[in-house]
Amino acid sequence: MADRIAEYLNVEQAAAQIGELARLTGATEFARVRNLDYVLSPFDLYPLAPRVLPPLDRIAAFAVDMDGTSTTTEPLALHALEYMVRRVTNRRSPAEWAGLDERLDHPFVIGNSNFRHTEFLLTRYRAQVDRAAFAAAFIEAAAWTLACMPDGQRRRDVMLSARNCGLGDLLTDADFRRLVEGGTLDADNAERLVAPLVARHGAAFRPAHLSEEVAAALDIYYLRYHAILRRIERGEGGRLAHELLGDGRRRLVEPMPGYDVFVPLIKGWLGPEADALYEPLRAELLRHPELGHTPAELDGYRPRLARLAERFRRAPAKLALVTASIAYETHACMKEVIAVMAERVRGWPVPAATRDRLAERLADYRTVFDGFVCATDAWEARLKPHRDLYSLALFQMSLPKHEYAACVGLEDTEPGIIALRAAGIGCAVALPNHDTRRQDYTAATRVVRGGLPELLLVHNLLLRDGGAE
């Protein structure tokens, strides 16, 4: 019966339900999503929401990815993944290993969950794994996490990994307890301080299967990523950008181009003064001649900004941030991103009253979003490309199903696009960046290679534009 929560089906009945599912959702396309190794079913099938094609008459909400779409954190995640591979293979220098390959690695380590990324890399580099180096790096990660991480879930996860991999005695070792509770361990001295513990317990490190190996390697990834985030929280973002990116003028975590205009515009915080924000968007697009835009063409689009601002001032859109990053990363990154936006607003060529109003709106990053969904809100096995995170976002924004067609999803990866459409968001827009440009965007409703600046100016945020061009 239709109102039953669960119903037994035999194979023939289950096959018939695929057609019924397509009828109920209006789907003509499906996605096959591979599950993690420890899930019994090797894959799930999702009906994809029918494509909602622009131009749109209205937009009620935006559901937007974090890494690579809202923020510049994609290179940081790639750096931490590369660090993890270097540690488990004991190839610490570029001379020993050149690093992650843009063509062979990047398409598979961006856009899914961190567990999936790590699983791919451990499988790909299995022949180079050095068990002793792996054990040493994990013990270091466990000690640092327990000593330095305020996130309770991370602390529980690393202890579970230790027990599962044969290191239960490490957790009860008096020297280990003194080290993690002593307040002297940090990312710079952890490897040296845990060396005696590695010598004593390292041989006991014996993951029994791939899922245990992945969980342990993931703890090493988190050591690097979270140690960097903690330094950013201490105000060292500029110095880290110079160390890791070779460019001290950039912030390691900052808004993606156009995001600082996009957010206040769709939230209805701008009026005619939005016209004054045209030049940075134009300059960003002209920095990429491969997009084919000319100054004269872009100048013709300039009036759209004020019209869009007025449109959203009358009918603000809701905004959800959706990411497969865990809570600690998400809050640390978005706090920094919104703080950078507030800093930039103070220099905008708009009236002082507008600057003050925007600064007040950006004073607390948590109040900017109507939905705020991260990996901690779901189970690891249900992250992108599964639909769960975006379904939660639609729920948090209180959008009824008949309004899903008025929601626009923005993603930079194929798994994210599939997750959007599996959740019911038929207008799923791909915004490729340097790290994701080789992904397959067949499931996307529209591919906008110029990112948010091009989406705002050239595509009018996908809305029908009744003004003179």
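Residue numbers start at 1 and run along the sequence shown. Nothing here was measured: the structure is a model prediction, and the numbers come from that model.
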Could you go step by step and tell me if Tyr46 and Phe30 meet the ring pair (Phe, Tyr, Trp, His ring centres under 6.0 Å) rule?
CA-CA 5 Å; Tyr46 287 111; Phe30 276 73; 9.4 Å; no

Would Asp370 and Lys267 count as a salt bridge (charged side-chain N to carboxylate O under 4.0 Å, His left out) here? Give the steps.
CA-CA 10 Å; Asp370 304 282; Lys267 295 292 289 181; 2.7 Å; yes

Step by step, would you call Val64 with Val322 a side-chain contact (heavy atoms from CB on, under 4.5 Å)?
CA-CA 6 Å; Val64 185; Val322 182; over 6 Å; no

Apply salt bridge (charged side-chain N to carboxylate O under 4.0 Å, His left out) to the pair Arg438 and Glu102, showing each step before the final yes or no.
CA-CA 9 Å; Arg438 292 184 175 87; Glu102 284 193 8; 3.4 Å; yes

The test is side chain to side chain donor-acceptor pair (under 3.5 Å); show your working for Glu297 and His293 and say whether it passes.
CA-CA 7 Å; Glu297 173 208 2; His293 299 302; 3.1 Å; yes

Test salt bridge (charged side-chain N to carboxylate O under 4.0 Å, His left out) on Arg449 and Glu290 and set out the steps.
CA-CA 10 Å; Arg449 297 199 174 273; Glu290 70 276 9; over 6 Å; no

Is there a salt bridge (charged side-chain N to carboxylate O under 4.0 Å, His left out) between Glu20 and Arg23 once you walk through the steps?
CA-CA 5 Å; Glu20 177 67 1; Arg23 184 188 69 79; 2.7 Å; yes

Output, in order, the C-alpha distance, side-chain angles, deciding distance and verdict of side-chain contact (heavy atoms from CB on, under 4.5 Å) for Asp151 and His226.
CA-CA 10 Å; Asp151 187 290; His226 294 168; over 6 Å; no

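Under 4.0 Å is where a charged nitrogen must lie from a carboxylate oxygen, and between Arg302 and Glu279 at least one such pair does. A salt bridge links Arg51 and Glu29; the closest N-O separation between the charged side-chain nitrogens and carboxylate oxygens is under 4.0 Å. A salt bridge is absent between Glu360 and Arg357; no separation between the charged side-chain nitrogens and carboxylate oxygens falls under 4.0 Å. Under 4.0 Å is where a charged nitrogen must lie from a carboxylate oxygen, and between Glu380 and Arg116 no such pair does. Under a 4.0 Å N-O distance rule, the pair Glu119/Arg34 qualifies as a salt bridge. Electrostatic pairing of Arg32 and Asp44 does not count as a salt bridge here, judged by no charged N lying under 4.0 Å from a carboxylate O. Contact check on Arg154 versus Glu329 returns no salt bridge, with no Lys/Arg side-chain nitrogen under 4.0 Å from an Asp/Glu carboxylate oxygen.
Using cut-offs of 30° and 60° on the angle between ring planes, the pair His331 and Tyr365 is perpendicular.
Using modelled atom types, one side-chain atom of Arg355 and one backbone atom of Val350 make a donor-acceptor pair closer than 3.5 Å. In this structure, Gln13 contributes its side chain and Leu9 its backbone to no donor-acceptor pair below 3.5 Å. Between the Asp388 side chain and the Leu383 main chain, no donor and acceptor come within less than 3.5 Å of each other. Thr367 places a side-chain N or O within 3.5 Å of a backbone atom of Asp364 that can act as its donor or acceptor partner. One N or O on the side chain of Glu82 and one on the backbone of Leu100 form a donor-acceptor pair closer than 3.5 Å.
The two residues Ile220 and Ala137 make their nearest non-hydrogen contact at CD1-CB, 3.6 Å. A pairwise comparison of heavy atoms in Glu284 and His288 identifies O-CD2, 3.1 Å as the closest pair. In terms of heavy-atom proximity, Gly271 sits nearest to Ala309 at O-CB, 3.3 Å. Of all heavy-atom pairs between Asp260 and Trp348, the closest is O-CH2, 3.3 Å. In plain terms, the two heavy atoms of Val33 and Ile418 that are nearest each other are CG2-CG2, 4.3 Å. Here the closest heavy-atom approach between residue Ser211 and residue Phe115 is recorded as O-CZ, 3.9 Å.
In this structure, the side chains of Pro453 and Arg282 stay at 4.5 Å or more apart for every pair of heavy atoms. Taking 4.5 Å as the limit, some side-chain heavy atom of Val158 sits within range of a side-chain heavy atom of Phe138. Leu76 places a side-chain heavy atom less than 4.5 Å from the side chain of Ile228. No side-chain heavy atom of Val129 sits less than 4.5 Å from a side-chain heavy atom of Glu213. Counting only heavy atoms from C-beta outward, the side chains of Leu431 and Leu452 approach each other to under 4.5 Å. The shortest distance between side-chain heavy atoms of Ile59 and Cys407 does not fall below 4.5 Å. The shortest side-chain heavy-atom distance between Glu403 and Arg58 falls under the 4.5 Å cut-off. No side-chain heavy atom of Asp65 sits less than 4.5 Å from a side-chain heavy atom of Leu321.
Taking the six-membered ring for Trp, Trp269 and Phe312 have ring centres at least 6.0 Å apart. Two rings, from Phe262 and Phe62, have their centers less than 6.0 Å apart.
Evaluation of the salt bridge (charged side-chain N to carboxylate O under 4.0 Å, His left out) test over residues 410-420, restricted to residues two or more places apart or in two chains, returns Lys384-Glu411.
If you check the side chains of His117 and Tyr221, you find no donor sitting under 3.5 Å from an acceptor. A donor and an acceptor atom, one from each side chain of Glu254 and Thr72, are nowhere located under 3.5 Å apart. Using a 3.5 Å distance cut-off with no hydrogens or angles, the side chains of His209 and Asp37 do not pair a donor with an acceptor. Side-chain contact, His434 with Arg437: a donor N or O sits under 3.5 Å from an acceptor N or O. In summary, the side chains of Ser325 and Asp67 do present a donor paired with an acceptor at a separation below 3.5 Å, with no hydrogens or angles considered. Side-chain atoms of Asn460 and Tyr301 form no donor-acceptor pair, as typed in the model, at a separation below 3.5 Å. Side-chain polar atoms of Thr436 and Asn433 form a donor-acceptor pair below 3.5 angstrom.
In the displayed structure, Glu310 atom CD is contacted under 6.0 Å by more than 12 heavy atoms of other residues, nucleotides or ligands. Around CZ of Phe395, the count of heavy atoms belonging to other residues, nucleotides or ligands within 6.0 Å does not exceed 12.
Here CG of Leu265 is found 6.5 Å from CG of Leu305. Values are rounded to the nearest 0.5 Å. Within the model, atoms OH of Tyr259 and OG1 of Thr69 stand 9.5 Å from one another, a figure rounded to the nearest 0.5 Å. From Arg344, atom CZ reaches atom CZ of Arg346 across 12.5 Å, with rounding to the nearest 0.5 Å. A distance of 10.5 Å separates CG of Leu298 from CZ of Arg304, quoted to the nearest 0.5 Å. To the nearest 0.5 Å, atoms CE (Met149) and CG (Asp219) are separated by 11.0 Å. Going from atom SG of Cys374 over to atom CG of Leu389 covers 8.0 Å, rounded to the nearest 0.5 Å.
When the options Ile326, Thr73, Leu81 are evaluated for a side-chain contact (heavy atoms from CB on, under 4.5 Å) with Tyr225, the one that passes is Thr73.
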